[in-house]
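Note that the coordinates shown come from a computational prediction; the quantities given were computed from them, not determined experimentally.
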Amino acid sequence: MMKTTHTFLTLFLVLSFVACKEANKKETNTDVQMEIPETTYHIPDAWIQKRVEAANKKLNSTEAGKVLWSAMEAHGGLEKWFSNGYFSLRFNYQPLNGKGIRDSYQTIDTWSNKARHNSVTDPESVFGWDGNEAWIKAKDSTSFEYDTAFWALTPLYFSGQPFVLDGEGVNLELLPDQEFKGTLQKVIKATYDAGVGSAPDDYYILYVNSETNLLDAFKYIVSYPEYFPNGGHAPEKITVIQGTTNVDGIVLATGFKTYWSTDDKDGLGEYITKIDVTDMSFSPTVPENFFSKPAGAEVLNK
C-alpha cells in the first residue's frame with residue numbers, strides 16, 4: 001500500500017524461470033515453462049540498507065514499534081526479507097460458502113509493492129499492479145471472477161506480515177496485552193495516514209506471541225472504496241496462522257483460517273475462509289518490465 005522510491009540496476013544475465021505448478025480441484029498438476037528475456041533488474045544493496053536503517057530507527061523509537069521490530073526479527077529480519085528478492089507464492093483463498101474463491105500464482109516486488117498474478121489453470125491469463133496502474137490480460141471474464149485490482153496486493157498483506165508495516169504513513173499503537181489460545185500476546189494496531197494506498201481506512205491488529213515474538217494472528221477490516229463508495233467497512237475479521245515454514249531464512253505462514261471477529265474469548269466467531277499458501281520462494285531478479293502492463297492488456301483504473 002505504501003509507495004517507495006527505488007532505483008533499478010540493469011544486469012545482463014540469463015535468468016531461467018520455471019513457472020509454478022498448475023493445479024485444478026482434482027489436484028492434477030502440470031509444469032509450465034515461461035520464457036524469460038535475458039535482461040533483468042535488481043535492487044541495489046545500498047537501497048535495502050537505507051530502508052532497513054530508517055525502519056529500525058523509526059520503529060525502535062516507540063514501544064509499539066519495538067514490538068513490531070521484534071516480530072520482524074523473529075520472522076527472519078527486515079533486511080533478509082528485502083535482500084532475498086522477489087517473493088513468489090501460490091495463494092489459494094477459499095471462502096467456505098464456495099463463493100469468491102481466488103487462487104493464483106503471483107510474484108511480488110516487496111520493495112515497491114508491485115505484483116503480477118497468473119491463473120493456476122491458464123498461465124496466459126495474468127493481472128497485476130505496476131505501482132500506478134492495475135491491469136489484466138485474460139481470455140475472457142471467467143478467468144478471474146473477482147476484483148483483480150483489489151486483489152493484486154491483498155495476499156501480500158497476509159503472507160507479508162509483519163514486514164509490510166515498515167513504511168512511511170503507517171501509524172502504530174500499543175494495545176494492552178491479551179491472552180489468545182492460552183498464550184499471552186503483545187498487541188499492536190496499525191493504521192494509515194490519509195491518502196496512503198487504495199484503502200487508507202484499513203487497519204490491522206497484530207497478535208505477537210510474547211514467548212516467540214512470532215505472529216500468531218491478526219485482525220483487520222476491508223474499507224476498499226470500490227466496495228464501500230459511501231464510506232464504512234466490512235465487519236472485522238480475525239485471521240489465525242496455521243503452521244509456518246522457513247524459506248531462505250524467512251518464517252512464513254503455510255496457511256490461515258479466517259473468522260468473523262467477536263468479543264468472546266479469543267475473539268473467534270464463525271469460521272469463514274480457509275487459505276492455503278504453497279510454492280513459496282524468493283528470486284534475486286525478475287525480467288525487465290515484469291510488473292508492467294503487457295501488450296494487449298486492459299488498464300483497470302483509468
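At least one side-chain heavy atom of Q185 sits less than 4.5 Å from a side-chain heavy atom of N209. In this structure, the side chains of T148 and H117 stay at 4.5 Å or more apart for every pair of heavy atoms. Two residues are said to be in side-chain contact when any heavy atoms from C-beta on lie closer than 4.5 Å; L252 and F87 meet this criterion. Looking at Y220 and T258, their side chains come closer than 4.5 Å, going by heavy atoms from C-beta outward. In this structure, the side chains of Y207 and T183 stay at 4.5 Å or more apart for every pair of heavy atoms. When side chains are defined from C-beta on, K186 counts as touching S70, because their heavy atoms get closer than 4.5 Å. Looking only at side-chain heavy atoms (C-beta outward), L206 and P162 come within less than 4.5 Å of each other. Considering only heavy atoms from C-beta on, E173 stays 4.5 Å or farther from Y203 through its side chain.
With F163 as reference, W81 is the one residue of F158, F82, W81 to meet the ring-ring contact (aromatic ring centres under 6.0 Å, His included) rule. When each of L172, V208, T62 is paired with V67, the side-chain contact (heavy atoms from CB on, under 4.5 Å) condition holds for V208 and for no other.
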Does the side-chain contact (heavy atoms from CB on, under 4.5 Å) test come out yes or no for I272 and Y259, once each step is laid out?
-> CA-CA 5 Å; I272 53 176; Y259 306 77; 5.5 Å; no
Audit row: R51, D166, side-chain contact (heavy atoms from CB on, under 4.5 Å) steps and yes/no = CA-CA 9 Å; R51 179 161 176 173; D166 77 296; 2.8 Å; yes
Applying side-chain contact (heavy atoms from CB on, under 4.5 Å), run through I101 and N92 and close with a yes or a no.
-> CA-CA 8 Å; I101 293 174; N92 189 1; 4.2 Å; yes
Output, in order, the C-alpha distance, side-chain angles, deciding distance and verdict of side-chain contact (heavy atoms from CB on, under 4.5 Å) for K257 and L268.
-> CA-CA 10 Å; K257 285 186 176 181; L268 300 177; over 6 Å; no
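Taking the six-membered ring for Trp and the full ring otherwise, Y157 and F218 have centroids separated by 6.0 Å or more. You'll find the ring centres of Y93 and F256 outside the 6.0 Å limit.
The closest side-chain donor-acceptor pair between D276 and Q94 falls under 3.5 angstrom.
No donor-acceptor pair under 3.5 Å is formed between the side chain of D103 and the backbone N or O of V120. When atom types are taken as modelled, the side chain of H75 and the backbone of L215 share a donor-acceptor pair closer than 3.5 angstrom. Between the side chain of D109 and the backbone N or O of S112, at least one donor-acceptor pair lies under 3.5 Å. Of the possible polar contacts, none joining the R116 side chain to the V126 backbone as a donor-acceptor pair under 3.5 Å is found. Between the side chain of S104 and the backbone N or O of Q106, no donor-acceptor pair lies under 3.5 Å. Side chain of T254 to main chain of Q242: a donor-acceptor pair is present (N/O by atom type, distance under 3.5 Å, no hydrogens or angles). A donor-acceptor contact shorter than 3.5 Å is absent between the side chain of K181 and the backbone of D266. Counting only distance, with no hydrogens or angles, the side chain of D264 and the backbone of G267 share no donor-acceptor pair below 3.5 Å.
For the atom pair CD of E79 and CD1 of I48, the computed distance is 7.5 Å after rounding to the nearest 0.5 Å. The structure places CG of N213 at 11.0 Å from CG of L68, a figure rounded to the nearest 0.5 Å. For the atom pair CG (N171) and OG1 (T191), the distance works out to 4.0 Å, reported to the nearest 0.5 Å. Summarising the geometry, atom CE belonging to M72 is positioned 6.0 Å from atom CG belonging to L165; distances are rounded to the nearest 0.5 Å. The line from NZ of K137 to NZ of K293 is 10.0 Å long, rounded to the nearest 0.5 Å. Here W135 contributes atom CH2 and F127 contributes atom CZ; the two are 9.0 Å apart, rounded to the nearest 0.5 Å.
Closest approach of A138 to S125, counting heavy atoms only: CA-OG, 3.8 Å. Considering every non-hydrogen atom in both K99 and N97, the closest pair reads N-OD1, 2.9 Å. The two atoms that bring V247 and F282 nearest to each other are O-CE1, 3.6 Å, heavy atoms only. Here the closest non-hydrogen pair linking D130 and K114 is O-CE, 3.2 Å. Nearest heavy atoms, A217 versus F180: CB-CE2, 3.9 Å. Among all heavy-atom pairs drawn from L78 and A55, the shortest one is CD2-CB, 3.5 Å.
By the criterion of side-chain heavy atoms lying less than 4.5 angstrom apart, applied directly or through intervening Ile, Leu, Val, Met, Phe, Trp or Tyr residues, W129 is grouped together with L300 in one hydrophobic cluster. Criterion: ILVMFWY side-chain heavy atoms under 4.5 Å apart, direct or through other members. Under it, V251 and I275 are not part of a common hydrophobic cluster. No single ILVMFWY cluster, assembled from side-chain heavy atoms under 4.5 Å apart, contains both L214 and I188. Residue I241 is not grouped with residue L184 when hydrophobic side chains (ILVMFWY) are merged at heavy-atom distances under 4.5 angstrom, including chains of intermediate members. Tracing side-chain contacts under 4.5 Å through hydrophobic residues (I, L, V, M, F, W, Y), one reaches W111 starting from F291; they form part of the same cluster.
Ring pair W151/Y146 is perpendicular by interplanar angle, where above 60° counts as perpendicular and below 30° as parallel.
For D45, the CG atom is loosely surrounded, since the number of other residues' heavy atoms within 6.0 Å does not exceed 12.
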